[in-house]
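See structure below.
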Amino acid sequence: MSTSVSVPNRPTRSRRRIVTIATAAAIAAGGLAAAGPVTAAQAGPRPDAIGQRPDVIAQRIDALVGPDRHPGALAAVRDQRGRTRHYTAGVGDLRTGAKVPRNGKVRIGSASKMFASVVILQLVDEGTVDLEASVETYLPGLVRSPGVDPDAITVRQLLQHTSGLPDYTDSMFQEMIDIPPYQHIYLEPRDLLDLANAMEGGPAGTWSYSNTNYLLAGLIAQRVTGRPFNELVTTRVIERLGLRDTYAPGVGEEGIRGRHPKGYQLDDATGNLLDFTRMDPSWGWAAGQLISTPADLNTFLRALLDGKLLKPAQLAEMRTTVAVHPQSDVRYGLGLFSTPLSCGGVAWGHGGDIPGYSTANGATDDGRAATLTVTSMTGSVTDKSVAAERAALVDAALCAG
Amino acid sequence: MSPQHATTPRKRFGLGRRSAAALALVALVGFAGIGIQYADAAQAHHRPKKDSIQTSIDALVEAGVAPGALVSVRDSRGRVTNYTAGVNDPRTRAKVPTDGYVRIASNTKMFTSVAVLQLVEEGKVKLDEPVETYLPGLVRGEGFDGHTITVRHLLSMTSGLPEYELPDVSVWGERYYEPRDMLDSAFSQPAHAPAPGGEVQYRNANYIVAGLLVQKVTGRPLAEVITNKILKPARLHETYWPSVGDKTIRRPHAKGYLPDPQTEKWVDTTQVDPSISWAAGQMISTPSDLNKFLVALQHGKLIKPATLAEMRDSKAFLPGGEAFPDLVWHYGLGTNGYELSCGGIAWGHGGDIDGYSSRTAITADGRAVTLVVTAATNDGVFKVLDAFDAALCAGK
């Protein structure tokens, strides 16, 4: 629990600024996977078999859990030859003390945005969606936030978070204490849009993380295909890749199917951790509703980067990035972050924070992938340094060897 | 298929009043008797005289109203008799499955209405409160406003709200619609009536709003509310709300058809996305389960007697318009009163969707009948209503 990780000052500062400019991300379904370069104190692959040298990932994941940190953690690390190592730490159930199940199912929050973006980009390839067309073209009359011109907002800007649209989760969750009342509330996608329409928008062109962008992307996908978004993501991504542990929860479905660690959320009113495993994720919808496992997310990331989901032209669009902040090296493509790695190059991925679970992930152009999920959000732990350590773990996993 | 098969009524016994042995006997000897004669095993060896219900649904099929028909009768003592007629597939001439699953279409409105009325009993909704109280800003358009439309106006179809566009089944059957898509369509039209509270004007849009109201007040999806508060307590195991995107219908089901005016052949429209009907018509059930629902409703298992009385407080209207002045219905709160030829009013609803046309009602003395023909019908509607009336009155 005491592995020390050297975190250079400059990148850490950058990261904090990012969080500041995307408060929704910090509080709700934001999902900034972005941590700056981290010098791994103990680089190098280390098998954790009995009697052998300790595995650096195993050490790092142990450090993430504890009374002032996360209840549990689970990770899957996939090497260039496609072999996966699984890690767990902490407890999967605070009441019983049960272990975290290896590769258990978790809510992946905003990592769902990668899936939504893939659906839209497939439709772009098929000619049914134009990245440069306006939101108004596909959803006439639906976007009405003051200060926003839906005729001028393009599909690309939605996927890129440069639309200037207000984030509906900001009106739901101003503080941590606002989260528990929503645990069992079902909201239609159009209810979420109502929330956004009641909020003031900002200028288009500046990167500003907003779940409303992906809500609209989901509605556009439905409008042009005539099929429900969950069906699209299921048939076009999940089933296509054979992701057997990944699914879109049905309407009203509050549980998590199969083996999973429980997810916890700090109750600011009492200071206790609430079991938040059962919740209605409808407010995440296309921006953050999916359930998956670390290994399935790695499979997804590899398939994405290896061109199995998108044609080269659309994959190139997805990987065409803008800066998320002038002082950060973290960049955003279309539903995809690029984060510099300590060993050079970048990690492609998209983290996700949703009450109960926080996921960080990344995949490299040389064939690796890593996904880490902890069973509470950063806001639910007292030791805030844990956030940088999560990012450092992913960095170490992708830089190993 | 042979006419014998096509017209053989099938039955089963309600509430376990008859032993399994009796059932088995019936099955073994291929007993084709009907109604109360079934108890007489000796008659099994003779081809009994067809009863009037069987005769009437045979006639519906014979007249070309639909390829098939299903009826379930639940008498006042709870005994269930099921009938089928015609074929389930004109090509293979397979039988219509006895008491098979069907799309019940607008009969869903009874369930939506009961869900609202349960909230009224819980004190969470007031029938005479403006819709605006529960769904602020939602109901706005030319000549209508959520401030002046009450919950009762919605359920009684007296809101004056305009209707949403219903495209051809070849379009809507393939499409998924968000509930609000229907309101976008409806609310782009002007009001149908100058003010709420007037004539009954049957418009599905009322029930889309009612469904959204249930969701807003409970914070839960309508399908879940109906499942947990109606289907489970009434043990309606054969009634369900197809989930998002589900075009299928559980087996065994009766296939639904649409007549192709060009070829005069039946086009199979069983597999459709029902989302365009949502709170106004999404559900699937069986004829016997719909009867079971009506019995539970009438017996106070779902709402209190006083609330049921309010549900049945109705206004007369002409469903066929001025062209058919003799066809008078009585619309309450999501329930329709049918005047019976044998006297009195039977309460229930009806449902018409491309593929199925159904009528369901229960008499004051507790006889419930659900009749389904496996095609949407316009020309045949009077024949269907006559057969329905005859089945309800056959107990007298």
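The model shown is predicted, which means the values in this text are computed figures rather than measured ones.
When the candidates A:R227, A:E231, A:E188 are compared by the number of heavy-atom contacts under 4.5 Å with chain B, A:R227 comes out ahead. Ranking B:S275, B:P179, B:G137 against chain A, the residue ahead of the rest is B:P179, based on heavy-atom pairs under 4.5 Å. With chain B as the partner, the residue from A:D194, A:N230, A:L142 showing the most heavy-atom pairs under 4.5 Å is A:D194.
Salt bridge A:D191/B:K216: absent, no basic N to carboxylate O contact under 4.0 Å. Taking 4.0 Å as the cut-off between side-chain N and carboxylate O, B:D181 and B:R175 do not count as a salt-bridged pair.
The closest side-chain heavy-atom distance from B:F187 to B:V209 is below 4.5 Å.
Counting non-hydrogen atoms of neighbouring residues, nucleotides and ligands closer than 6.0 angstrom, the CZ atom of A:R244 reaches no more than 12 such neighbours.
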Open item on the list: Determine whether A:W283 and A:F173 satisfy the following criterion, ring pair (Phe, Tyr, Trp, His ring centres under 6.0 Å), listing intermediate values before the conclusion.
Closed with: CA-CA 11 Å; A:W283 59 264; A:F173 312 118; 4.9 Å; yes
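Contact annotation for A:L187: neither backbone nor side-chain heavy atoms come within less than 4.5 Å of a heavy atom of chain B. For A:Q222, the parts lying near chain B are the backbone and the side chain together; criterion is any non-hydrogen pair under 4.5 Å. Contact of B:E224 with chain A is made through the side chain alone, with heavy-atom distances under 4.5 Å.
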